[in-house]
2 protein chains.
Amino acid sequence: MSNDEPKLARGRPRTMNAEKVLDVAMTAYWQSDPADVSVNAICQMAGISKPSLYREFGSEDGLSRAALDRYAERVLSAVFAILHSGKGLHDTLAALTDFAAADPRMETGCLFYKMRAGKHRLGPTTRARVEEIDATAQAAYAAFLQSRCDAGDWPDGLSAEAGAKYLGEQIALAITQRASGEDPERIREMLNLALSVFIRP
Amino acid sequence: MSNDEPKLARGRPRTMNAEKVLDVAMTAYWQSDPADVSVNAICQMAGISKPSLYREFGSEDGLSRAALDRYAERVLSAVFAILHSGKGLHDTLAALTDFAAADPRMETGCLFYKMRAGKHRLGPTTRARVEEIDATAQAAYAAFLQSRCDAGDWPDGLSAEAGAKYLGEQIALAITQRASGEDPERIREMLNLALSVFIRP
DNA sequence: GACATAAAATACCGGCCGGTAACAAATGAG
DNA sequence: CTCATTTGTTACCGGCCGGTATTTTATGTC
């Protein structure tokens, strides 16, 4: 833990609220698309000057990386919570479906998936974080499926890794369709169809 | 058919080969991403000057629209050929799977899907063409599924439209994964899993 | 007061973008 | 030949980008 006391404040006191700037950036990246939001635009929206932003985050890459970190802990954590809830296969798939197809947070898509889709346009540290999150998510999906496999409710000769990849990509597809304005009920219908392969009666 | 005679050639004879330029543009857009290829880059690759390109295509939108048209008749036609081949459900799905997961033409993805994914970055006429192709493809998928429904090999209470959307999106997902360098065998495995909902035994 | 310090804002940098004005070259018409 | 016509190229336009040098402003220290 770092000191959060005034810490011998010399010099001009800062007026910039880094948290607020990060909120603005995360929201802007999330609501539209990281590739379509310039640092100039973020500075304007946050009401700060460009050098202030660069002093805090170093570069556009640093800012987008920080925004992604924030997004991971504020939003993606919900997905991991579902996967780690210890519920059964059916309930967990239902919760994931609800999240992807109906949760208002995914109404304009998922920042992580948007970044992953345009990976080559990201700076190195942001791209690395995207890949890290991707690997973590895949591992979480695989661990969940493995646990359900051990519990016995597993369909056929599908490896947990392959199933995890499939599951993750279907969720990603559904959320990406949310972002493109598709009818949520249609999305839910398609996702249910895709995930029905996990619950052969 | 228009006249392809010299047509009273006055003025300086043209050296620019519009077909070749269009090939260059289509390939460049296709191999990387329409949003990442500038008209400057295309002119350089095609060995022509910018005003020459603009005289022929009017604008970047005109060029990308023409490139998409070319792509539709050169590549997408293969998909429609599969759908209109009159083969059975299983064979047609297998052919679609082969195309998406193994055809070398899809090794770097599909220009149409790349454009559709970044629809908001396109000019108006190109975007309109994307939407037109999307509707046409969906109609073709639906017509195929409807024909198989009439033929009796249809699984459950799924509408042809919903099935068409699902089928089309799964193909799109598979091809998009090709573009991102995913292992083709893994892609085939996942696509088979996704399409297995159509062939409940 | 004078001074160091740190954060703010202004104004700028080179670079690339889509697009075009202005001009050079090559042909047919008279 | 002259002239209109068409294509080509060079050189430029304004605009936005990510990033920064420079200066102003606000504070604590002495």
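Just so it is clear, the values below take in all heavy atoms, side chains as well, and ignore hydrogens, waters and symmetry mates. In what follows, chains are A, B, ... by sequence order, proteins preceding strands, each numbered from 1.
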Treating primed atoms plus P, OP1 and OP2 as sugar-phosphate and everything else as base, which nucleotides of nucleotides 10-22 of chain C get B, S or - for protein heavy atoms under 4.0 Å? B------SBBBB-

Does the pair Asp23(B)/Arg70(B) count as a salt bridge with the N-to-O cut at 4.0 Å? yes

Look at the side-chain N and O atoms of Arg10(B) and state whether any lies under 4.0 Å from the OP1 or OP2 oxygen of dT6(D). no

Between dT7(D) (P) and Glu56(B) (CD): distance, integer Å: 9 Å

Rounded distance (Å) that lies between atom C1' of dG19(D) and atom CZ of Phe57(A): 16 Å

Between Glu169(B) and Arg186(A), does at least one N-O distance fall below 4.0 Å, as a salt bridge requires? no

It should be established whether Thr15(B) places a side-chain nitrogen or oxygen under 4.0 Å from OP1 or OP2 of nucleotide dT7(D). no

With sequence neighbours excluded, residues passing side chain to side chain contact (heavy atoms under 4.5 Å, CB included) with Ala95(A): Ile82(A)

Could you state the CG-C1' distance from Asn17(A) to dA7(C), rounded to the nearest angstrom? 15 Å

Is any side-chain nitrogen or oxygen of Arg12(A) closer than 4.0 Å to OP1 or OP2 of dT27(D)? no

One pair to check against side chain to side chain donor-acceptor pair (under 3.5 Å): Glu107(B) and Gln31(B). What are the steps and the verdict? CA-CA 9 Å; Glu107(B) 203 162 5; Gln31(B) 233 65 18; over 6 Å; no

Comparing Gly11(A) and Ser52(A) on DNA chain C - which has the more 5′ nearest nucleotide: Gly11(A)

Within a 6.0 Å radius of atom CD on Gln44(A), are there more than 12 heavy atoms belonging to other residues, nucleotides or ligands? no

Between the side chain of Arg116(A) and the main-chain N/O of Val130(A), is any donor-acceptor distance below 3.5 Å? no

